[in-house]
Every structure is written in structure tokens, then in C-alpha cells.
2 protein chains.
Amino acid sequence: MQIDGVDQRIIASLVADARASYAEIGARVSLSAPAVKRRVDRLRAAGVIRGFTTVIDPAAVGWSTEAFVELFCTGRTTPAQITVATRRHPEVVAAYTVSGEADALVHLRAADIAHLEQALERLRAEPFVTSTRSMIVLSRLVDSPTVVPAPT
Amino acid sequence: MQIDGVDQRIIASLVADARASYAEIGARVSLSAPAVKRRVDRLRAAGVIRGFTTVIDPAAVGWSTEAFVELFCTGRTTPAQITVATRRHPEVVAAYTVSGEADALVHLRAADIAHLEQALERLRAEPFVTSTRSMIVLSRLVDSPTVVPAPT
DNA sequence: GCTGAAATCAAGAAAAC
DNA sequence: GTTTTCTTGATTTCAGC
């Protein structure tokens, strides 16, 4: 799909504030509110905009312990296997296949260390996991929403 | 701040769809629209709700190459130093101090491998960085928004 | 404290152009 | 793309639990 500079500026506005009104966004990009709505509808239909969500303070809802776990898997493990296995665990925030020593990197979030340990044990019990290496998050230094490069 | 089960269900609704109307959320949690708005305002003021954002398909916007980089730093490096250094680079999506071998973990997003390499070189040029270990993301398997535990 | 109801005002949706 | 119109939701005020 074709995205022009105006679309990128609309996206940047929505990333900064998903509840901004169409008129408000229109004022920023020099467009009328209906024109903005049509572009947003088009971007949603095309899958560029996947949805609108809310940024929560993880500590406030109780799950404040995070870790990144490198997974080392058996030779014949497929990404699909890792996907279905990790999706089963509610503590998995994100998972990626990666280059380097490890086969996958899993981002975990749990209530506390005990909960994290329990989630990790469940992960390690997956049949294709040969070993893991964990990095427990001590503090979050930077956390930006999706980067939207400036229109050129 | 005190968060009850109704607050958690409101938060869950807003994480699922930040543009849901107060009446719509109210129907889910059995509350009137003004009551929902008052709770949302309170949660925002308390910092539990940090903001509303939009989930973008990173590929559509052009920055589709990702990597996780472990930073190994000199002995006297403070988290604050890492914070200011990583914030300077627009490619840094997130950064954490971690336990384990590495001192910090940096999540990078760039347009392509060349761009990623360039960002990595800039990171490695920071005076406190002694070495790095990179994991380039091959594919994203799981990507969930902030977990909101179910009210008990 | 909290809530719901009603009135006012702004925003969204769908025409016409 | 804009402007107009109509409908819907947001927001304030006020009274009741």
C-alpha cells in the first residue's frame, strides 16, 4: 500500500495520542476532519494501523517483574512450534527468533520473582527447549512507542 | 493508588481498544458513561494510564529490521549514563539494565541491515561500552500489548 | 465518597458537492 | 479534497444512594 507524507504525519499523531479527534489531527496536517477519517479508515483496512491501545504502568497493575530469556532449541525446532508454545504462557509479552547463539528470545512479564521463576520452569519444560539463559530486568531505562520515521 | 476490579476491567477494555467510547466500556463493566470517564480520569491522573497509542505495522512504515543488543560496560557506568546515551539514538525502542553477563539490553529498530549496522556502530562508540553482543530478529513470533491480569 | 440522569456541547458519520 | 447536515458520544451540572 502507498503511504504518503501526510499519512505518516497522521500515524505519528495517532501514536502520540490515539484518542485525538480527527479535527485535531486535521489541524496538524492541514486537512479537514472527514479527509483525516477517510485516510485513517484506509490505513486500518490496509493493516498499517493494527489497532488502538492504552499504555499502562505495569507496576500499577501488579506485574512488574520482567525478564528476557534466550531459548536454545533442538535442531529440528520450527518457529511455528516456538510460537504455539510461547503463546500458551500468559507471561510471554513477546517472542522472536534471532540470529546468534540462541534460537529465540522471549520477553516475560510476571508479578514477582517467584511467578517469573514458575513461568520460566514451564517454558523450560517445553520438549524442544534444550537450555535457556535469562536476563532479569533490573530497570527500564527507555521505552518508546513504535518509531514513526519523519516524512522525507 | 487503589485499583479495584472495575478499574482493571476498564483498563483491559482500553488496552484492547483505546478508542472505545465510555458508554461502550460502561456496558461491559455495568457502569454509566460519566462514571467510566471519572475513573479513567482518575487512573490517568494517578499515572496508571500513561497514554493512548496506536499499534502500527512496523513493516508498513519502513523500519522493519530489529535487533536486541547486549551491552557490556565499564565498571563505573551508571544506569543514568546508559539512559541518556541510548535516548540519543532514534533507533532505540527500549533499553533495560539486566542481571546476567551483560549490563544492559537494548532493543533497536531500523529501516534495514545497513541502517541497523550504522546505529550499532554509533552505540558502540559510546565511551562506556566495552563490547556488545547482537541478536538480529529474524521473525516476530508473539507480540502482545501490556498484560492486564484478570481481576480476582 | 460514590453513583446515575439530564442538558449542553463537541465530535463522528455520511451525505452532497 | 471540502462543506453541510445529522447523529452520536463527551462533558458538565445536579440530585440521590
Side-chain angles (χ1 to χ4, degrees), chain A residues 1-64 145-146 148-152, chain B residues 1-62 145-146 148-152:
Chain A
M1 182 200 166
Q2 187 70 11
I3 298 174
D4 66 9
V6 176
D7 289 326
Q8 286 194 331
R9 289 164 66 200
I10 290 172
I11 290 168
S13 284
L14 283 172
V15 169
D17 179 14
R19 285 186 80 103
S21 72
Y22 293 130
E24 213 172 313
I25 299 165
R28 286 181 163 211
V29 303
S30 309
L31 233 61
S32 67
V36 173
K37 179 187 157 33
R38 276 201 286 260
R39 279 172 181 264
V40 171
D41 287 345
R42 208 184 83 243
L43 290 166
R44 290 199 67 170
V48 175
I49 292 175
R50 290 192 174 158
F52 304 102
T53 190
T54 301
V55 184
I56 300 298
D57 176 11
V61 295
W63 289 32
S64 55
T146 309
V148 180
T152 42
Chain B
M1 182 199 165
Q2 187 70 12
I3 297 174
D4 66 10
V6 177
D7 288 326
Q8 287 194 332
R9 288 164 68 200
I10 290 172
I11 290 168
S13 284
L14 283 172
V15 168
D17 179 14
R19 286 186 80 100
S21 72
Y22 293 130
E24 214 172 313
I25 300 165
R28 287 181 164 209
V29 303
S30 309
L31 233 61
S32 69
V36 173
K37 180 190 157 29
R38 277 192 288 262
R39 279 170 180 264
V40 171
D41 287 346
R42 205 184 81 243
L43 290 166
R44 290 200 67 171
V48 175
I49 293 175
R50 290 194 174 157
F52 305 101
T53 190
T54 302
V55 183
I56 300 298
D57 176 11
V61 105
T146 309
V148 180
T152 43

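Every chain is numbered from 1, with letters handed out A, B, ... down the list of sequences. Just so we're clear, the structure is a prediction, and the values are computed from it rather than from any experiment.
Of the candidate nucleotides C:dA13, C:dC2, D:dA10, C:dA13 has the atom lying nearest to any side-chain atom of A:Lys37. The side chain of A:Tyr22 sits closest to C:dG12 out of C:dG12, C:dA5, D:dA10. Taking the side chain of B:Leu31 as heavy atoms from C-beta on, and the options C:dG12, D:dA10, C:dG4, the nearest nucleotide is C:dG4. Taking every side-chain heavy atom of B:Pro34 into account, C:dA6 is the closest of C:dT3, C:dA6, C:dA14.
You won't find any donor-acceptor pair under 3.5 Å spanning the side chain of B:Arg38 and the base of D:dT12, going by distance alone.
Judged purely by atom type and a 3.5 angstrom limit, B:Ser13 has no side-chain atom pairing as donor or acceptor with the backbone of B:Ile25. Looking only at distances, no side-chain donor or acceptor of A:Thr53 sits under 3.5 Å from a matching main-chain atom of B:Thr53. Put simply, the side chain of B:Arg9 gets close to the backbone of B:Arg28: a donor and an acceptor are under 3.5 Å apart. Counting only distance, with no hydrogens or angles, the side chain of A:Ser64 and the backbone of A:Pro58 share no donor-acceptor pair below 3.5 Å.
Going from atom CG of A:Asp17 over to atom C1' of C:dA11 covers 14 Å, rounded to whole Å. Per the geometry, CD1 belonging to B:Ile25 stands 12 Å off P belonging to D:dT11, to the nearest Å. Summarising the geometry, the separation between CG on B:Asp4 and P on C:dG1 is reported as 16 Å, rounded to the nearest angstrom. The distance from atom CD of B:Glu24 to atom P of C:dA11 is 19 Å, rounded to the nearest whole Å.
The residue among A:Arg19 and A:Val36 whose nearest nucleotide of DNA chain D lies closer to the 5′ end is A:Val36.
Across all strands shown, B:Ser32 has heavy atoms under 4.0 Å from base atoms, whether or not it also approaches the sugar-phosphate.
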